[in-house]
*Asks:* 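Could you have a look at this structure, given as structure tokens, before my questions?
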Amino acid sequence: MKKMRRLLAVLACLGSFCAGAAYAADEPKEAPKDIVLTGDAKCTTCHDENDSPEALAIGKTRHGTVADKRTPGCTKCHGDSERHVKEAGRGGGEAPPVDVGFNTKNPASAEARNAACLNCHQGSTRIFWQNSTHSRRDVTCASCHKIHDGHDKVREAKTQPEVCATCHKEQRAQFARPSHHPVPEGAMSCSSCHNVHGDNPSQLAKPSVNETCYSCHMEKRGPFVHNHQPVAEDCAICHNPHGTNVANLLKSRPPYLCQECHSHDSHPSQLAGLPTGATTSTSLLGTVGRGCLNCHTNIHGGNSTVNSATAGRFRR
Amino acid sequence: MKNTTTTFRLTAVAAALCAAYGSAFAEDDEIRQLTKPDSSISVGAGFWSNDRQQQGIYDGMRDDGLYGLVDADIVKRDDASGTWFTFTGERLGLESRKFSAEVQQQGNMGGFVNYSRTPREHPLVIRSGLRGIGQDTLTISGAGANALPFRDVELSTYRDLIHVGFNKNLLSGLDVKVSFKNEEKNGSRHWGLGSQAFFLAEPIESTTRQLDVTLEYTGERLQLAGGYAGSWYGNHNDLVLATVRGVTTNTTGAPNPTPLSLPLNNEAHQFFLNGGYSFTPSTRGTLKVSRSVATQDESIPSILLGGVNAPFVGSPRSLDGEIVTSLVELGLSSRPTSKLSLSGSLRYYDVDDKTPLVGLVGSNTTRVATVHNTPHSYTTNTGKFEAAYLLPQRFKVIGGIDVKQQDRSAPKFVSERFVPFNEQIDETTYRLQLRRSMSDTVNGSIAFLHSTRDGSSRESPHDPEIFDTINPLHIADRTRNKWRLSLDWAPVEAFSLQFNVEDSHDDYASEDGRPFGLKDGRATLVSVDARYALTDEWQVTGWASHDVTRAKQLAGRWPQGSDEFADIDMVKDADLRDTGDSVGLGLRGALSDKLKIGVDVQWTRTESSYDEDTSPSTATFPTSAGVTAARLPDIENTLTRLSMFARYAVRKNADVQLDLIHERWKTDDWSWSFANGSAFTYGTTTDRTSVSVKPKQTANFIGMRYIYKFQ
């Protein structure tokens with residue numbers, strides 16, 4: 001037992017001496033080792049776990065999957081940044097910036113920043129990025145994406161609206177309305193309807209408003225025996241998808257909504273008002289409850305062949 | 001003593017070993033923590049003190065009571081093969097649950113399965129005698145002895161979506177992606193009888209399927225994505241028969257039971273090709289082509305009915321509906337100099353409704369089908385051009401023009417036009433913007449947009465003296481002016497401020513002879529956001545917004561049977577206004593290394609007002625059996641929500657979190673009220689379903705969860 005202890009003590013002292021010697025010796029240095037990405041030693045020699053722990057978090061992301069040979073090293077996105085490498089840490093001043101940085105202090109243009117991403121990610125749903133409104137307004141990929149974060153907020157439904165609301169204040173206000181799509185609840189996200197990398201009108205996921213809405217509301221697609229033309233053309237004529245004060249995302253309340261298109265005799269031209277008691281008069285039921293839709297119940301289109309006065313007017 | 005000596009010696013050995021090798025192990029562990037994917041599982045329970053009819057519509061916690069709070073985010077990666085194994089579960093203890101499982105060998109192939117349930121709980125309080133809810137045969141409570149027992153009706157719908165996908169890298173840059181979605185919709189939604197204002201519940205049992213197969217090529221200069229997108233809608237019910245109990249009359253005007261049509265099965269098939277080519281690093285062209293065919297050729301169920309509901313002479317058994325949608329788009333973007341950027345696009349979008357025009361309904365006396373279906377086609381051609389020039393100090397000036405020209409169809413038969421139609425619309429939009437971006441302290445923009453919309457002469461509807469006196473909002477001649485100012489100010493890293501104000505004004509032209517419709521629309525928004533980091537641990541955020549949307553609308557009223565403009569008995573001039581005010585405050589901080597806290601306050605108030613002048617001002621509401629109507633009061637909704645959490649690290653890899661929420665919703669929405677504020681009731685002798693809104697909804701929540709973290 002004693003021998004064993006002595007042996008351990010000798011080993012310990014030897015180990016301690018060797019370790020110290022390794023740091024102290026003026027021997028030729030071993031090439032710095034990569035920490036996370038292939039070739040990252042050029043950067044992580046300085047930006048290590050003590051200096052930039054958040055930078056190393058790239059390892060938690062898809063970019064950090066080095067088994068995938070397509071994944072980049074630091075310089076693939078940030079440029080070779082030779083001046084930064086040479087001059088950083090020398091003298092008292094601030095180090096020159098990297099060639100392509102993504103913080104507010106870096107002088108790289110929006111195009112240069114986006115090019116760092118598009119070199120690999122130009123395909124798929126980002127083919128039209130350069131013609132998108134976002135691109136043309138100097139929104140960069142890094143304006144929305146946190147590349148070094150394992151949980152990129154904008155890619156998760158429950159946190160994505162927070163990122164979008166950084167600029168889209170009107171939509172944030174609309175989602176606080178009583179009638180809204182379940183975006184604040186996390187059941188949907190902005191990207192359920194929008195391809196923010198595309199160039200469709202309003203950067204929608206599909207070429208038109210209706211094609212986008214039909215993805216979930218396919219029962220409205222028809223064609224119907226009795227089409228309601230504004231419905232067939234653009235859901236947004238009557239609905240605001242982000243939120244309104246009226247049930248079912250209606251922009252305005254019946255009968256006002258209907259009277260934006262329909263000038264009519266009889267009950268369709270009624271004055272908006274609440275009945276003073278129970279009634280079956282259609283001249284008094286255009287506002288209360290579902291308003292005009294109390295009777296014109298198939299307003300998105302009907303398939304009835306029963307009666308001209310009712311079927312063609314979306315009552316059957 | 002001996003023991004002490006031995007212990008001392010062993011400690012010395014251990015210390016020496018640690019000195020030599022310990023730091024290396026610790027360093028490895030730290031690197032691992034910083035670079036390997038994180039996982040967590042959270043399990044707990046929460047309790048709501050009251051029902052939340054309004055706030056609980058979608059979140060799966062509408063009723064008071066105990067709820068399971070289970071979330072999981074498990075992410076594992078096999079570093080050797082680059083294969084990810086992920087499982088994400090959100091709200092697994094609630095109706096609004098969703099989860100996703102994925103296996104992905106990065107750069108090679110992968111697949112996923114997602115499931116989500118989206119509930120929609122109807123917020124209204126309904127008490128009805130209606131029988132058969134959820135089925136296609138419904139019975140409405142009759143009068144007197146035919147009345148059915150009343151009970152509380154809670155309408156809700158559920159969407160259960162399963163989404164599976166697969167992707168495979170075939171060659172360098174060449175990938176195939178397959179995605180299939182199957183969504184089952186169940187439940188019932190608020191509906192109506194149609195011929196009379198009675199309460200019904202529409203059964204929505206249906207299945208939606210979507211298949212997307214995409215082949216993508218991503219090269220250095222050329223990128224292509226093409227494939228097929230198919231979608232199918234299948235309704236489990238196609239016709240509802242609604243019977244008013246005890247009513248035996250079987251007239252043409254109000255048959256009993258009343259047949260009510262439902263959406264019929266439809267499908268669409270699309271082929272598409274998207275492409276982009278970078279001619280140079282700064283010049284890129286794009287192409288987008290797609291063609292889809294949507295059909296609806298189910299047998300029309302009401303065609304099989306007899307008696308007064310029997311089909312009209314010559315009406316077909318099926319609509320044979322077909323809509324062909326074509327899209328071609330060419331785009332070009334270029335940066336000819338380092339300061340000048342140009343972009344433009346030409347777009348052709350054609351919706352061609354090829355459904356044959358057939359007579360389907362008509363006079364109940366002659367049984368001749370004189371009323372046709374109404375296919376609607378339109379073609380939109382759009383051209384856009386924009387130039388941006390970089391000025392000193394990172395300022396940029398942007399100018400653009402959009403030209404849109406639309407050809408539209410109108411119903412062939414004048415007798416089937418109920419509003420004026422326009423066969424062509426032209427719209428030109430000019431945009432000008434000055435912006436400063438990418439600066440580290442002050443960024444912002446000021447933008448102005450001006451557009452004019454007009455078109456060809458109108459296709460008049462029948463009864464033109466009255467029906468043709470309006471400009472429908474989506475085709476009306478319109479001048480739009482919109483401006484927006486946004487400013488981001490970050491004088492120091494710890495503080496940032498955002499200010500945003502925008503105003504949009506639509507001026508609708510009143511053409512000669514068409515005085516009615518929207519006259520004027522305006523939307524204004526002002527918002528401020530701020531963030532201040534007090535220390536590394538403590539941060540406050542706040543935002544406030546105020547918005548007003550206003551529409552001025554003119555309409556006429558004519559007595560029944562009028563066909564002359566001069567018969568007008570009232571001109572209605574409405575000033576409709578929606579106002580929204582919201583304030584949000586947030587605080588995040590750490591009371592110690594182990595204890596983090598957060599507080600959020602949200603307050604939102606919306607108000608809708610319905611000012612309306614009538615001419616002559618003495619004009620009154622119609623009267624029916626002693627019932628009149630009263631002018632509309634304003635509606636105010638207020639939501640106040642205070643939420644707090646405290647998260648305590650019980651171990652290095654485990655936290656416990658306490659959540660507290662106080663939520664108060666208040667409304668005076670009269671949508672389901674009579675003029676005196678009492679609950680709205682359908683019918684006078686039959687039905688008698690009552691519907692109301694609960695005006696004050698206050699609920700408190702307490703939740704506790706255990707969060708286990710691992711890698």
*Asks:* Would you find a donor on one side and an acceptor on the other, under 3.5 Å apart, between the side chain of A:K60 and the backbone of B:K36?
*Replies:* yes

*Asks:* Under 4.5 Å from any heavy atom of chain A, what part of B:S439 do you find: side chain, backbone, both or neither?
*Replies:* backbone

*Asks:* Within the side chain of B:N266, is there an N or O that forms a donor-acceptor pair under 3.5 Å with the backbone of A:E219?
*Replies:* no

*Asks:* For each of B:I300, B:T681, B:I57, tally heavy-atom pairs with chain A at distances under 4.5 Å, and name the one with the top tally.
*Replies:* B:I300

*Asks:* Name the region of B:L200, side chain, backbone, both or neither, that has any atom closer than 4.5 Å to a heavy atom of chain A.
*Replies:* neither

*Asks:* Less than 4.5 Å apart, side chain to side chain, heavy atoms only: is that true for A:V288 and B:W672?
*Replies:* no

*Asks:* Got a salt bridge between A:K251 and B:D578, using NZ or NE/NH1/NH2 to carboxylate O under 4.0 Å?
*Replies:* no

*Asks:* Is any side-chain heavy atom of A:Q259 closer than 4.5 Å to a side-chain heavy atom of B:Q553?
*Replies:* yes

*Asks:* Measuring only between side-chain heavy atoms, which start at C-beta, is B:Q196 closer than 4.5 Å to A:C295?
*Replies:* no

*Asks:* Can a donor-acceptor pair be found between the side chains of A:Y214 and B:S231 at a distance below 3.5 Å?
*Replies:* no

*Asks:* Any side-chain donor-acceptor pair under 3.5 Å between A:N303 and B:S261?
*Replies:* no

*Asks:* Which region of B:S343, side chain (C-beta onward) or backbone (N, CA, C, O), has a non-hydrogen atom less than 4.5 Å from a non-hydrogen atom of chain A, or is it both or neither?
*Replies:* both

*Asks:* Measure distances from B:S206 to the heavy atoms of chain A and classify the residue's part below 4.5 Å as side chain, backbone, both or neither.
*Replies:* neither

*Asks:* Where the side chain of B:S333 meets the backbone of A:Q130, is there a donor-acceptor pair that is under 3.5 Å apart?
*Replies:* no

*Asks:* In terms of side-chain heavy atoms, does A:T65 have a donor or acceptor partner in B:W84 at a distance below 3.5 Å?
*Replies:* yes

*Asks:* For the pair B:Q210 (side chain) and A:S215 (backbone), establish whether a donor and an acceptor sit closer than 3.5 Å, ignoring hydrogens and angles.
*Replies:* yes

*Asks:* Side chain, backbone, both or neither: which part of B:L525 has an atom under 4.5 Å from a heavy atom of chain A?
*Replies:* side chain

*Asks:* With heavy-atom distances below 4.5 Å as the criterion, would you say the side chains of A:T71 and B:Q106 are in contact?
*Replies:* yes

*Asks:* Counting C-beta onward and ignoring hydrogens, is there a side-chain heavy-atom pair between B:L576 and A:S252 closer than 4.5 Å?
*Replies:* yes

*Asks:* List the atom of A:C261, the atom of B:V419, and the distance in Å for their closest heavy-atom pair.
*Replies:* O-CG1, 3.2 Å

*Asks:* Would you confirm whether the ring centroid of B:F467 sits within less than 6.0 angstrom of the ring centroid of A:H264?
*Replies:* yes

*Asks:* With no hydrogens and no angle check, is any side-chain donor or acceptor of A:S269 less than 3.5 Å from a backbone partner on B:R557?
*Replies:* no

*Asks:* Counting only heavy atoms closer than 4.5 Å, note whether B:L34 contacts chain A via side chain, backbone, both or neither.
*Replies:* both

*Asks:* Given 3.5 Å as the limit, does a donor-acceptor pair link the side chain of B:R77 with the main chain of A:T61, or not?
*Replies:* yes

*Asks:* Name the option with the most non-hydrogen atom pairs under 4.5 Å to chain B; the candidates are A:E211, A:Q270, A:R253, A:H121.
*Replies:* A:R253

*Asks:* Apply the test side-chain hydrogen bond (donor to acceptor under 3.5 Å, both in side chains) to residues B:S345 and A:N131: give CA-CA distance (whole Å), side-chain angles for both, the deciding distance (0.1 Å), then the verdict.
*Replies:* CA-CA 8 Å; B:S345 65; A:N131 255 2; 5.0 Å; no

*Asks:* Checking side-chain hydrogen bond (donor to acceptor under 3.5 Å, both in side chains) for the pair A:T280/B:T684: CA distance, chi angles, key distance, verdict?
*Replies:* CA-CA 7 Å; A:T280 56; B:T684 51; 4.9 Å; no

*Asks:* Does the side chain of A:E233 come under 3.5 Å of the side chain of B:H376 through a donor N or O and an acceptor N or O?
*Replies:* yes

*Asks:* Any donor-acceptor pair under 3.5 Å linking the side-chain atoms of B:S341 with those of A:R136?
*Replies:* no

*Asks:* When only pairs under 4.5 Å are counted, which of B:E502, B:E322, B:K396 shares the most heavy-atom pairs with chain A?
*Replies:* B:K396

*Asks:* Would you call A:R137 and B:S445 a side-chain contact if the rule is heavy atoms closer than 4.5 Å?
*Replies:* no

*Asks:* Select one option (side chain, backbone, both, neither) describing which atoms of B:S671 are under 4.5 Å from chain A's heavy atoms.
*Replies:* both

*Asks:* Cation-pi check, A:R315 to B:W191: give yes when NZ or CZ is under 6.0 Å from the six-membered ring centre and within 45° of the ring axis, no otherwise.
*Replies:* no

*Asks:* Which answer fits B:N235, side chain, backbone, both or neither, if we ask what part of it has an atom under 4.5 Å from a heavy atom of chain A?
*Replies:* neither

*Asks:* Heavy-atom distance under 4.5 Å to chain A: side chain of B:P259, backbone, both or neither?
*Replies:* both

*Asks:* Report the C-alpha separation of A:Q122 and B:R284 in whole Å, then their side-chain angles, then the decisive distance to 0.1 Å, and conclude whether the side-chain contact (heavy atoms from CB on, under 4.5 Å) test is met.
*Replies:* CA-CA 11 Å; A:Q122 178 76 78; B:R284 181 172 173 78; 3.5 Å; yes

*Asks:* Could you check whether any side-chain heavy atom of B:N274 comes within less than 4.5 Å of a side-chain heavy atom of A:F128, counting everything from C-beta outward?
*Replies:* yes

*Asks:* Starting from the C-alpha separation in whole Å, work towards a yes-or-no answer on side-chain contact (heavy atoms from CB on, under 4.5 Å) for B:Y349 and A:S208.
*Replies:* CA-CA 9 Å; B:Y349 185 73; A:S208 71; 3.1 Å; yes

*Asks:* Verify whether one side chain among A:N227 and B:T374 offers a donor that lies under 3.5 Å from an acceptor in the other.
*Replies:* no

*Asks:* Tell me, for B:A388 versus chain A, whether the close heavy atoms (under 4.5 Å) come from the side chain, the backbone, both or neither.
*Replies:* neither

*Asks:* Any side-chain heavy-atom pair from A:P178 and B:Q54 closer than 4.5 angstrom?
*Replies:* yes

*Asks:* Between the side chains of A:Y256 and B:E612, is a donor N or O closer than 3.5 angstrom to an acceptor N or O?
*Replies:* yes

*Asks:* Quick check: closest heavy atoms across B:G82 and A:A67, and the distance to 0.1 Å?
*Replies:* N-CB, 3.4 Å

*Asks:* Non-hydrogen atoms of chain A under 4.5 Å away: do they reach the side chain of B:L305, the backbone, both or neither?
*Replies:* side chain

*Asks:* Could you measure the distance from the CD1 atom of A:I127 to the OG1 atom of B:T218? Nearest 0.5 Å is fine.
*Replies:* 7.0 Å

*Asks:* What part of B:D463 is in contact with chain A, defined as an atom under 4.5 angstrom from a non-hydrogen atom: side chain, backbone, both or neither?
*Replies:* side chain

*Asks:* Of the listed residues (B:F516, B:F418, B:Y217), which shares the most heavy-atom pairs with chain A below a 4.5 Å separation?
*Replies:* B:F418

*Asks:* Measure distances from B:N637 to the heavy atoms of chain A and classify the residue's part below 4.5 Å as side chain, backbone, both or neither.
*Replies:* side chain

*Asks:* Got a salt bridge between B:K288 and A:D199, using NZ or NE/NH1/NH2 to carboxylate O under 4.0 Å?
*Replies:* yes

*Asks:* Side chains of B:S315 and A:T305 only: does a donor on one sit below 3.5 Å from an acceptor on the other?
*Replies:* no

*Asks:* Between B:L327 and chain A, which part of the residue has a heavy atom less than 4.5 Å away: side chain, backbone, both or neither?
*Replies:* side chain

